[in-house]
Structure formats: C-alpha cells, structure tokens
Amino acid sequence: MKNNIFLIGTHWGDEGKGKVVDVLSAEATACVRFQGGHNAGHTLVINDKKFILHLIPSGILRDDVKSVIGNGVVVSIDALITEIKELENNGISLDNKLYISQNCHIILPTHIAIDQAREKKLGKKSIGTTGRGIGPCYEDKTSRKGIRLLDLKNEEIFLKKLENLMEYHNFILNSYFHEDVIDMKSVADELLTKYKLISKYLIDTDNFINDLCLKGGVVFEGAQGTMLDIDHGTFPYVTSSNTTLSGLVSGTGVNMSLVNYGLGITKAYSTRVGHGPFPSELKNDIGERIGEIGGEIGATTGRTRRCGWLDTKVLKKSIRLNNLSGIALTKIDVLDNFDEISICVDYGKIDYESFAVEDLKFIKLPGWKSSTVGITNYKDLPKNAKLYIETIEELVQIPIDIISTGPARDEIIQKTNIF
Ligand code: GDP
Ligand code: IMO
Ligand code: MG
C-alpha cells in the first residue's frame, strides 16, 4: 500500500506547497485540505498556464485524484464558487472529484468587514491579514456561534442562526468600529441561492477520509506555514488556525496511525508576507534581488513578500513540531546567481515591539553561479548547489527528498519516492 503523506510549510507560507502537491498528485489517490481558507494561494504551473488555488486542493488538476476539503477549513461560498467556475472554464470537471465537509464553518461578509475594520483600527500595529475574514470566522467557531455549511440545509434554522450572529457582528461593526452595517436579508438570500450550487459536493468527510487512507496514496495539503500557527507561530502575527500537525488531525478526523510520511515544504530562502518578526530578513539589495528573481509577490493579495536567508532554527522547530520525515526544497534556481549564500542557523531573543533579534548567527557558503533551472537529476546539479543542500541536511538531520528547480510541474528532482 502507498504511504499517506502530509505536506506542511515550514516557515511563513508560500514555500511552494501547491507546486509540490501537484507533482506528488501524479501518484496520489486523493488530496485533502485541512485548515485555513481562501487566505491561501497555491500556485501550479502546467504547460505554461498558471493556476492559483485558494480553497480547492492542488490535486484537482489530475483526473483520477479525489479532492477533499476537510472540516477544519473555513469556507467562503463566494470564493469557492469562483474557484469552481474558473476550473470548469478550463475544462476541469469537479463531479465525483470534489468533496467538502458539511461541518466547515462559513465565512460571512460581516467576518470580512470585521477583519478589515480591526486591521484599520490597529493601524501601524496591524497583523497584515489577507482581509478575507479568516480570524473572525475561526473566533465564531471557537465561541460556538459560527454557522456551518450543513446549517444551510434547513432554511428556517439557518435564518435564525444568521440573524443572531449578524446582529452581534453588526453591533460590533457599528458601535465599536463605527463602520457601516451589512444587511442581513441580502446576505441570507445570496447564501441560500449560492448554496444550491455547492450542496452536491457536501458530505461527512470524516469516514470518507479515513477510508481513503486505508487504501493509501492520500496527500494532505497544509496551508500557510508553521510560523503562522496560532499556538506555535510568531503570535500575534499569525493566522487563526493550527497550521501544524495538530491542525491536520482536528481538521480531518484522520486516524494518524494511517499517515506515514511528513514532508516539510521549505523554500531555499525565507519569505514572509504581512507584518511580524522575521529574524533572517534582508532589508537590503540582496533581499530585493531575491524577491525580484523569485517573483515574490503574494498569490492571494498581490503584496510584495519580504525576503531573507533560509532560517534553519525555524526549520528545526518545524521538523520537531510536525514530526517531519523529509523536506522538499523549492526555488533553488532563484539562488543561481549569487556569489555567496548564507544560512541563518541561530539567534537569541526576538523583541516583539521592534522585531529586533539578538545574536543572529549565519554560516556562509559559496554560490554556484550557474543555472539549475529545470534540472531533474540530482547528479546534474552544480557542486556548490549540492553543498548547499547537503549542508542543510546536516544542520537539520533529515533528508531533502525533493528539490524544485522551477515553477513548472516537470522542473523537479525526486531523489526519493516518498510514496
Ligand atoms: P504556496 O502557497 O506554498 O503554494 O506557494 P505560492 O504558490 O504562494 O508561492 C510559490 C511561488 O513560487 C509560485 O509563484 C510558484 O509558481 C513558484 N515556484 C514554486 N516552486 C518553484 C521553483 O522551484 N522555482 C521557481 N523559480 N518558482 C517556483
Ligand atoms: P499559503 O497557503 C503567506 C498571513 C497573512 C498575515 C497572517 C494572518 O499561500 O502559504 P489571515 O488573513 O490568515 O488572518 O492573515 O497570515 N498569511 C499568509 N502568508 N501565505 C499564506 O498562505 C498565508 N495565509 C495567511 O499575510 O500575515
Ligand atoms: Mg501561497
């Protein structure tokens, strides 16, 4: 039986999870999202065509792969329908391929308005959220006020719940944030209409996912990254879900004894979008150059990503927290033309007011100054690129199984078959 695998971003998101999931999906039976929402932006490049997926798992472009949105994901029905339509317009059918947990909590327009109003009020101290309503939706889930997809099955119950919740939201919007309120009736009408378009995808995913795992070949696709985890990340500059392994368990109900391999997705350098501490950040022309070559513009919000050297202190933490077995190192090609490449290996205290970091320690390695773009065999990599990869392996003590050498599906070195 094939391994069931989970993929988790090891840093602050945008490590190239979508690309690696798409590659692995060639051999997968199913692909499952377990947390986050349309704050995620996972990019796939196939035959020069770019797809950015926000909610739907990145296995969706493969004909024989089932795509499951687990109960831990928060769903904007609007964003979901937009994504379904985009895929259908590209000739990708979702029937008998897409399955969504009826227990997913729904993101309402008021969640989005509160998210944005809160950020505005925080001003310079804002988190830099994606403004998609993610935090307020998870808050309502935890405080047991939230509305789930299954609530839309019964119009009367749904309207009662929506009325209660939106009354509360509108009070906050108006009295606390001094923002406009949102009309309950138009939200209700829209949701009830749009629900009809997605109800066919709803199931109880818990058993379904466990049954898929019994057959093997399931890929669990994390969103965001370890340092954006609500408990273990750079709080309060984090997202509102557990992006780490615990989120996989609660967000699917999978029996973890069935999940055999944890793959950390690590970018060859580090990036962060939004505010918050970033110890290895390069606020200089090297950082700018990495960002330009790497095209480091957010896939969801279009914001410029901050860039820095690879942080192996964070990587080690991520390996421990997520029980990772191996790593997929992405975007190595972005470092092709640097004379020298550093790795951030340690630091002391982080000041959460100024984001200053004490005692940063780096090791420096020679660059390889030649192209790795599109290389598919490890032995064909330049000597110093191998030195870089092997130095990381030695620092973190787990293998680098996969190396991504470009955005396209076939630009990949698969050293080990992790299935
Ligand atoms: P995700 O959120 O982790 O799926 O990552 P994003 O899609 O937000 O950002 C990764 C970006 O890097 C996307 O634009 C990808 O097309 C691109 N990408 C992925 N792997 C590689 C690679 O190996 N080399 C290069 N140059 N780009 C890559
Ligand atoms: P993928 O899956 C990078 C960041 C936001 C902000 C913080 C909180 O593509 O890697 P939120 O809207 O979640 O409340 O914002 O988290 N963030 C991401 N950064 N990649 C992502 O997803 C992100 N999703 C959220 O920028 O700093
Ligand atoms: Mg992304």
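Both ligands and their constituent atoms are indexed starting at 1 by order of listing. Nothing here was measured: the structure is a model prediction, and the numbers come from that model.
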May I ask you to list the atoms of ligand 1 that are less than 4.0 angstrom from any heavy atom of [X]?
X: Ser404; value: 20 (N), 21 (C), 22 (C), 23 (O)
X: Gly406; value: 20 (N), 21 (C), 22 (C), 23 (O), 24 (N), 25 (C)
X: Gly18; value: 4 (O)

- Item | Distance from atom 26 (N) of ligand 1 to nearest protein heavy atom, with residue and atom |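 Looking at atom 26 (N) of ligand 1, the protein heavy atom closest to it is Asp333 OD2, 2.7 Å.
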- For atom 19 (C) of ligand 1, the protein heavy atom that lies nearest, with its residue and separation: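 The closest one turns out to be Lys19 CB, 4.1 Å.
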When you compare ligand 2 with [X], is there at least one nitrogen or oxygen pair between them that comes in under 3.5 angstrom?
X: Glu15; result: no
X: Thr130; result: yes
X: Val273; result: yes

- Enumerate the protein N/O/S atoms at a distance below 2.8 Å from the Mg ion (ligand 3), ignoring waters.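 You should have found Asp14 OD1, Gly41 O.
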- Quick one: is the NZ or CZ of Lys386 closer than 6.0 Å to the six-membered ring centre of Tyr388, and within 45° of its axis?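 The answer is no; the distance or angle limit is not met.
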- Whether Trp309 and Phe338 hold their rings parallel, tilted or perpendicular, with breakpoints at 30° and 60°: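 Perpendicular, since the angle between the ring planes exceeds 60°.
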Please list every donor-acceptor pair under 3.5 Å in which a side-chain atom of residues 314-321 meets a protein atom from a residue at least two apart or in another chain.
unit_1, atom_1, unit_2, atom_2, d
Lys317, NZ, His232, O, 3.0
Ser318, OG, Thr226, OG1, 2.9
Ser318, OG, Asn322, ND2, 3.1

